[in-house]
Amino acid sequence: MATSDSEFNPDLLLAHKLPESRYTYNERDAAIYALGIGACGKDAVDSDELKYVYHQNGQESIQVLPTFASLLSLGSLTEGLDLPGFTYDPSLLLHGQQYIEIYKPLPSKASLINKVSLAGLQDKGKAAILEIETKSYEEGSGELLCINRTTAFLRGAGGFSNSPQPFSYKNYPSNQGLPVKIPQTQPSTVCEEQTQPSQALLYRLSGDYNPLHSDPEFAKHAGFPRPILHGLCTLGFAIKAIIKCVCKGDPTAVKAISGRFLTTVFPGETLITEMWLQGLRVIYQTKVKERNKAVLSGYVDIRGLSSSL
Ligand SMILES: CCCCCCC/C=C/C(=O)SCCNC(=O)CCNC(=O)[C@H](O)C(C)(C)COP(=O)(O)OP(=O)(O)OC[C@H]1O[C@@H](n2cnc3c(N)ncnc32)[C@H](O)[C@@H]1OP(=O)(O)O
């Protein structure tokens, strides 16, 4: 039961205004992020990935991976949300889903204004599902750069209402149709990459300092034998693989990304991403090789691109 002293009132909760925030980043942040999701992790001169961390071939600025956009949604969210009539235990929070829409290539440095709103809440009985929408605008021009929809799975926070129906999701037509249906056919292409035992320690430097990913005692309290990998780190590995295998290495080809975190990943495990090309949509599924378990699935929409697959 997740209500606090005041009665749970969905209208009050959904009308609750979350503060605007500013996010400024530069090339160093983009490069640290790329290293955090394994860029050049196997080969320091990997010709597909050096451009994300270095001015490869004299390029003017480093190239920014589209999943860097997901960092813009974190900001105040990782420190917990103060919501009227609704409480949850932040140590039991798991990242459930992420949806990203990108309207123009991410610049190598920018100052952005984030407008954050509560997009949805659902009572699943044993858990509550909370969705936050973040629209990021370039400061100065006011142009919309990207949108993130972050879904948190709040274990133990369900049972606050009499309804399993979502309390919102009315700002947009549908919840992006997750989870995706994985085709029964052979994938168009497959990419394997090993994460490092220190992967979460490196990834956290991009701004998500939740001790669930670094502190053994905290992880145990949250129900895990050891610290787990950030969901957005796994997503970064998967989308980097799709850019390499389907988008011919062009990070700007990615228009939208959707992913559902199916089960936890431990740093050091090997990620195998299977991809099915369906027109301009890539359906993907990432498995942990050592446990033969699907950990992430979703889709990526790409801009008009003739794939060689
Ligand atoms: C305020 C936002 C702040 C966000 C900050 C981000 C902080 C980052 C944290 C992390 O990175 S945590 C690490 C990444 N995440 C994970 O490792 C989670 C992996 N997934 C799981 O462990 C499980 O999927 C789960 C989330 C524990 C759910 O499994 P469970 O067996 O308990 O659920 P089910 O019984 O299958 O389903 C119940 C109900 O919930 C729906 N659902 C299931 N999984 C998800 C999901 N990932 N996202 C959203 N919804 C999910 C499922 O459809 C069921 O609904 P109904 O079908 O009954 O309507």
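Ligands are counted one by one from 1 in listed order, and the atoms in each one are counted from 1 as well. Side chains are part of it too, since the values below use all heavy atoms of this structure and drop only hydrogens, waters and symmetry mates. For the single chain, residues carry numbers from 1 onward in sequence order. Only a predicted model underlies this, so the values are computations on that prediction, with no experimental measurement involved.
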Q) Has ligand 1 got any nitrogen or oxygen that is less than 3.5 angstrom from a nitrogen or oxygen of Lys124? A) yes
Q) Can you tell me if His213 has a non-hydrogen atom under 4.0 Å from ligand 1? A) yes
Q. Quick check: does Leu262 get an N/O under 3.5 Å from an N/O on ligand 1?
A. yes
Q) ligand 1 versus Val295, non-hydrogen atoms closer than 4.0 Å: side chain, backbone, both, neither? A) neither
Q | Heavy-atom nearest option to atom 33 (O) of ligand 1, drawn from Arg260, Lys126, Glu131 | A | Lys126
Q) Applying a 4.0 Å heavy-atom criterion (strictly less than), which segment of His95 is in contact with ligand 1: side chain, backbone, both, or neither? A) both
Q: Have a look at ligand 1 and work out which part of Ile129, if any, has a heavy atom under 4.0 Å from it: side chain, backbone, both or neither.
A: side chain
Q) Is there a donor-acceptor contact under 3.5 Å linking the side chains of Tyr137 and Glu139? A) no
Q) When only distance counts, is Gly231 in polar contact with ligand 1, meaning an N/O pair under 3.5 Å? A) yes
Q. Just by distance, with hydrogens left out, do Asn148 and Thr134 show a side-chain donor and acceptor under 3.5 Å apart?
A. no
Q.
Considering only residues two or more places apart or on different chains, which pairs with a residue in residues 62-72 satisfy side-chain hydrogen bond (donor to acceptor under 3.5 Å, both in side chains)?
A. Tyr33-Thr67
Q. For atom 2 (C) of ligand 1, which candidate among Pro90, Ala127, Ala152 provides the closest heavy atom?
A. Ala152
Q. Hey, does Asn210 sit under 4.0 Å from ligand 1 if you only count heavy atoms?
A. no
Q. Can you find a heavy atom in the side chain of Lys104 that is under 4.5 Å from one in the side chain of Glu143?
A. yes
Q.
Quiz question: by atom type and distance under 3.5 Å, do the side chains of Thr270 and Glu290 form a donor-acceptor pair?
A. yes
Q | Mode of Arg155 contact toward ligand 1 - side chain, backbone, both, neither (heavy atoms, under 4.0 Å) | A | neither
**Q.** Close side-chain approach of Ile113 and Glu20, heavy atoms under 4.5 Å
**A.** yes
(Q) Within the 3.5 Å criterion, strictly below it, is a donor on Gln199 or His230 matched to an acceptor on the partner's side chain? (A) no
**Q.** Proximity winner for atom 26 (C) of ligand 1, if only heavy atoms of Phe266, Phe153, Tyr203, Phe261 are counted
**A.** Phe153
Q.
Please confirm whether Asp208 approaches ligand 1 to less than 4.0 Å, judged on its heavy atoms.
A. yes
Q) Less than 3.5 Å between some nitrogen or oxygen of Leu130 and one of ligand 1, yes or no? A) no
Q: Would you check if the side chain of Thr195 reaches a backbone N or O of Glu269 as a donor-acceptor pair within less than 3.5 Å?
A: yes
Q: Please answer whether the main-chain N or O of Ile272 pairs with a side-chain N or O of Glu192 as donor and acceptor at a distance below 3.5 Å.
A: no
(Q) Applying a heavy-atom cut-off of 4.0 Å, say which part of Leu229 lies close to ligand 1: side chain, backbone, both or neither. (A) backbone
**Q.** Six-ring centre of Tyr299, Arg281 cation under 6.0 angstrom, axis tolerance 45°
**A.** yes
Q: For His230, counting its heavy atoms only, list the atoms of ligand 1 lying under 4.0 Å from any of them.
A: 11 (O)
